[in-house]
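Structure first, then comments.
Just so you know, residue 1 is the first one in the sequence shown, and it goes up from there.
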Amino acid sequence: MKILMVNKFLYPNGGSETYIFKLGEQLQKRGHAVQYFGMEHEGRIVGNHVESYTSNMDFHTGRLQKLLYPFRIIYSMEARKKIRLVLEDFQPDVVHLNNINFQLTPSVIYEIRDYEKRSGKKIHIVFTAHDYQWVCPNHMMRIPSNGEICFACKGGHFGQCAKNRCIHNSRIKSLLGTVEAKYYALRKTYGMVDTIICPSQFMKEQLDTDPVLAGRTVMLRNFLPESGEPADLQAIEGEEGSLAGEGYVVFFGRFTEEKGVKSLLKACGELPDIPFVFAGSGPLEKQVNQVENVENRGFVTGSSLKELISGARFSVYPSEWYENCPFSVMESQMYGTPVIASNLGGTKELVEEGVTGELFPAGDVKELTMHIRKLWDSPGLSQKYSENCKRNRFDTVKEYCDKIVKIYQGGQES
């Protein structure tokens, strides 16, 4: 088969890029032809034969470009023209969409279907939902101004996004997000996609609230790299640091409020005798560096991250938004490291309470502190969880590829 992977970023940037690069690589090993379409960028590592990409959209650029963005982020004629060149040259059997909203826009869906009519060639359009964008304009189901978990847009009530300034706490950006969501909802654009892959049951349930999407969704959990290497391609090597000789608790990920870092830091302050190691970066880095029993290792990847995770007594994943299918939780268990996680979204589907770790109410610092203390003071219990984690199974990229090829061919995995 010929598969065209479509994603706004074609360089290592986060989880969706990890997904398309690893999956594309495996598909090529199987003998399938794979090309990529997205934005041009100096860090781009994949591409297409005709070298056709959209111009890089930097939302922090000059005033003139910003004036044009309101039009380009809703419907992009450039994206349609550029993907047309790739479609005509590559003639794919499958177009696999990933993160397309705002930078590429769903306008590419119309071009794919128009090409199908012109060529007479049937194309199977698959979309992997990496977030909640198609039912929530800010894609996180969370109000940034107050941190409140929210699904007020359920049923297509997208005006709530503008009302609550859900995108970057900006009235203008939120209004544009509302317009974009309403525009494609009215046109039933997403109904032109054949199959929507949801990496968690929670994601599937949210998308199924939209009758246009319901019936097209299928739950298929993310894979983990077969080699045992961490899946976070965004990270860079961290410097070696001194870890506590008696063990430590690890957190790895973005230092942001929605990741629960503020709550975790409060818990760290309540547990001064327990050493914590943080790996990552983000806007809360200054606060991370101010807590005495927290060692900030910065971004870590490769064998260094593997050693950091596997050497911890347990990891903490205190996210305060509806995570989809976080690689971090899967990676911890892959290395035999139990997880204390918040009970939101797809995360609670990955941690089996009392078997591979423990769950607590998101944002509840008292409960989080209690669980950390309990597991730290019970090495036998954490060891039991560790052994269970080692027996836990997630799909390798090879196993995942077997399933997705069936989806590409028109079958559905359940």
Side-chain angles (χ1 to χ4, degrees), residues 200 221-232 235 238 240-253 259-260 263-264 267-268 270-271 273-280 293-295 297 300-319 323 325-362 367-397 399:
S200 69
R221 277 198 216 294
N222 286 337
F223 56 86
L224 278 174
E226 202 170 9
S227 63
E229 65 192 31
D232 185 4
E240 291 298 323
S242 58
L243 300 176
E246 297 300 317
Y248 55 93
V249 178
V250 69
F251 167 84
F252 57 106
K259 290 292 186 181
S263 296
L264 178 55
C268 292
E270 294 293 319
L271 302 164
D273 59 309
I274 300 178
F276 292 83
V277 176
F278 280 43
N293 58 327
V294 172
E295 178 187 340
R297 293 286 299 277
V300 184
T301 192
S303 60
S304 296
L305 183 55
K306 178 180 178 179
E307 291 172 9
L308 185 65
I309 299 168
S310 59
R313 294 262 195 102
F314 51 89
S315 68
V316 184
Y317 200 81
S319 192
E323 296 276 2
C325 183
F327 279 127
S328 299
V329 174
M330 297 166 70
E331 284 168 3
S332 283
Q333 296 181 54
M334 177 173 65
Y335 299 132
T337 303
V339 184
I340 294 176
S342 56
N343 60 350
L344 287 179
T347 303
K348 64 183 178 182
E349 299 171 28
L350 300 176
V351 179
E352 190 174 353
E353 178 79 54
V355 178
T356 59
E358 300 190 354
L359 299 170
F360 72 97
E367 280 286 319
L368 173 57
T369 304
M370 183 195 74
H371 281 283
I372 294 173
R373 170 55 69 192
K374 171 188 169 184
L375 210 51
W376 181 263
D377 289 344
S378 307
L381 182 59
S382 62
Q383 183 59 37
K384 175 186 172 184
Y385 289 169
S386 176
E387 293 302 319
N388 291 335
C389 285
K390 292 173 183 176
R391 290 192 289 268
N392 211 0
R393 285 281 295 123
F394 297 108
D395 279 351
T396 64
V397 67
E399 292 165 333

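Under the side chain to side chain donor-acceptor pair (under 3.5 Å) criterion, S315 pairs with S332, sequence neighbours left out. For the side chain to side chain donor-acceptor pair (under 3.5 Å) test, residues two or more places apart in sequence or in another chain that qualify with S200 are N324.
When all heavy atoms of G336 and S386 are compared, the closest pair comes out as O-OG, 2.5 Å. Shown here for T347 and S342, the closest heavy-atom pair between the two residues is CG2-O, 3.8 Å. H371 and E358 make their closest contact through ND1-OE1, 2.5 Å (heavy atoms, listed as atom of the first residue, atom of the second, distance). What you find for R313 and P338 is that their closest heavy atoms are O-CD, 3.4 Å. When all heavy atoms are compared, the tightest approach of V300 to A279 is CG2-CB, 4.1 Å. What you find for P318 and L368 is that their closest heavy atoms are CB-CD2, 4.3 Å.
In this structure, CG on D377 lies 10.5 Å from OG on S382, to the nearest 0.5 angstrom. Of the inter-residue distances, the one linking I372 atom CD1 with C268 atom SG reads 6.0 Å to the nearest 0.5 angstrom. One distance of note links CD of E399 with CZ of F394; it measures 12.0 Å at 0.5 Å rounding. From F251, atom CZ reaches atom CZ of R297 across 15.0 Å, with rounding to the nearest 0.5 Å. The CD atom of E352 sits 10.5 Å away from the OH atom of Y385 when rounded to the nearest 0.5 Å. With rounding to the nearest 0.5 Å, the separation of CD1 in I340 from CG in L375 is 5.0 Å.
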Give the C-alpha distance, both sets of side-chain angles, the deciding distance and a yes or no for side chain to side chain contact (heavy atoms under 4.5 Å, CB included) between R373 and D273. CA-CA 10 Å; R373 170 55 69 192; D273 59 309; 2.7 Å; yes
Would L381 and K374 count as a side chain to side chain contact (heavy atoms under 4.5 Å, CB included) here? Give the steps. CA-CA 9 Å; L381 182 59; K374 171 188 169 184; 3.7 Å; yes
Walk me through whether Y317 and E323 qualify under side-chain hydrogen bond (donor to acceptor under 3.5 Å, both in side chains). CA-CA 10 Å; Y317 200 81; E323 296 276 2; 3.2 Å; yes
When you look at N392 and L350, which way does the side chain to side chain contact (heavy atoms under 4.5 Å, CB included) test go after all the steps? CA-CA 10 Å; N392 211 0; L350 300 176; over 6 Å; no
Given the rule in the side chain to side chain contact (heavy atoms under 4.5 Å, CB included) test, do V351 and Q333 qualify, once you have shown the distances and angles that lead to the verdict? CA-CA 9 Å; V351 179; Q333 296 181 54; 4.1 Å; yes
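Each of T301, T337, V277 was checked for a side-chain contact (heavy atoms from CB on, under 4.5 Å) with L308, and the lone residue meeting it is V277.
Using a 4.5 Å cut-off on side-chain heavy atoms (C-beta onward), T356 and V339 make no contact. Contact of the I309 side chain with the M334 side chain is not registered, since no non-hydrogen atoms from C-beta on lie closer than 4.5 Å. Taking the side chain as every heavy atom from C-beta outward, Y335 and K306 approach each other to under 4.5 Å. When side chains are defined from C-beta on, F252 counts as touching E331, because their heavy atoms get closer than 4.5 Å. No side-chain heavy atom of S319 sits less than 4.5 Å from a side-chain heavy atom of L344.
At distances below 3.5 Å, at least one donor-acceptor pair connects side-chain atoms of N388 with backbone N or O atoms of V355. Looking at E353, its side chain does come within 3.5 Å of a backbone N or O of L359 through a donor-acceptor pair. In this structure, the side chain of N293 engages the main chain of I274 through a donor-acceptor pair within 3.5 Å.
Between E387 and K390 there is a salt bridge, since a side-chain N of the basic residue sits under 4.0 Å from a carboxylate O of the acidic one.
Ring geometry, W376 versus F314: the interplanar angle exceeds 60°, so the pair is classed perpendicular (tilted spans 30 to 60°).
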